[in-house]
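Only one structure is covered here, and it is reproduced in the block below.
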Amino acid sequence: MRYQELRKALEILGLGERATLTEIKFRYRQLAKQHHPDAQSAAVDQEAIQQLNAAYALLCDYCEGYHYCFSREEFLEQNPEERLRRQFATDPLWGNGQTPDDDKD
């Protein structure tokens, strides 16, 4: 797989640079319903359906082989509330003035 193929798949599904697997599946199902032959009274665009299915398969393959990062930095990026809590925890006005417990490791 090339990066351009990945970007094209995201474009076909109408997704941005970041999406959860749940969002990918939801968007695929939305578009599949729109392009389904039973939902359309006009002629079915077979090429659009094939592109949609190929894009979904490519994204699923990418997600299946993805190496997840469980570092503290990645955790804080994925959880902005926790990042802010930790950032301002020692501030006497916004936080409790104490270092977060999990900073001690």
Side-chain angles (χ1 to χ4, degrees):
M1 161 186 343
R2 294 187 342 235
Y3 183 68
Q4 290 95 353
E5 294 171 330
L6 182 66
R7 297 296 306 159
K8 181 70 175 172
L10 290 170
E11 183 182 311
I12 289 170
L13 289 174
L15 297 169
E17 283 191 5
R18 287 187 173 249
T20 64
L21 189 54
T22 302
E23 292 169 336
I24 293 169
K25 289 178 181 181
F26 179 76
R27 185 67 179 140
Y28 170 73
R29 289 183 181 128
Q30 276 184 325
L31 293 172
K33 286 179 186 178
Q34 286 179 357
H35 292 349
H36 195 276
D38 293 343
Q40 295 186 2
S41 57
V44 176
D45 185 2
Q46 284 287 27
E47 186 176 334
I49 294 170
Q50 289 173 346
Q51 285 181 349
L52 178 65
N53 289 335
Y56 180 67
L58 187 128
L59 290 174
C60 286
D61 286 345
Y62 178 77
C63 291
E64 189 174 285
Y66 189 80
H67 293 269
Y68 295 94
C69 178
F70 298 101
S71 70
R72 180 176 300 203
E73 292 78 21
E74 183 65 23
F75 173 79
L76 295 175
E77 185 174 336
Q78 296 295 325
N79 297 284
E81 295 86 12
E82 177 63 12
R83 180 179 48 80
L84 289 171
R85 184 187 71 78
R86 294 170 58 86
Q87 182 178 355
F88 295 107
T90 58
D91 186 282
L93 181 61
W94 296 99
N96 59 8
Q98 299 175 5
T99 303
D101 290 336
D102 53 356
D103 261 355
K104 297 174 184 171
D105 45 283

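Owing to the predicted nature of the structure, the values given are computational and were not obtained by experimental measurement.
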Describe, in one word, how the ring planes of Y66 and Y68 are oriented to each other, choosing from parallel (under 30°), tilted (30 to 60°) and perpendicular (over 60°). perpendicular

When rounded to the nearest 0.5 angstrom, what distance separates CD in Q51 from CG in L58? 12.5 Å

Separation between CG of L6 and CD of E17, rounded to the nearest 0.5 Å: 10.0 Å

To the nearest 0.5 Å, tell me how far R72 CZ sits from F75 CZ. 9.5 Å

Is any side-chain heavy atom of L84 closer than 4.5 Å to a side-chain heavy atom of Q87? yes

Measuring from atom CG of L31 to atom CD1 of I49, what distance do you get when rounded to the nearest 0.5 angstrom? 11.0 Å

Can you name the nearest heavy-atom pair linking L52 to I12, along with the distance? CA-CG2, 4.1 Å

What about Y62 and L13, same hydrophobic cluster or not, with Ile/Leu/Val/Met/Phe/Trp/Tyr joined at side-chain heavy-atom distances under 4.5 Å? yes

Provide the closest heavy-atom pair for R83 versus L76 in the form atom of the first, atom of the second, distance. CB-O, 3.6 Å

Report whether M1 and L21 are members of the same hydrophobic cluster (ILVMFWY, side-chain heavy atoms less than 4.5 Å apart, transitive linking). no

Would you say the side chains of R7 and Q4 form a donor-acceptor pair under 3.5 Å? no

If only side-chain N and O atoms count, and only distance matters, is there a donor-acceptor pair under 3.5 Å linking E74 with Q78? yes

I want to check something: taking the side chain as every heavy atom from C-beta on, are E23 and R27 in contact at a cut-off of under 4.5 Å? no

How close do C63 and I24 get, counting heavy atoms only, and between which atoms? SG-CD1, 3.9 Å

Salt bridge (Lys or Arg N to Asp or Glu O under 4.0 Å), that's the test. Do E5 and K8 meet it? Break it down for me. CA-CA 5 Å; E5 294 171 330; K8 181 70 175 172; over 6 Å; no

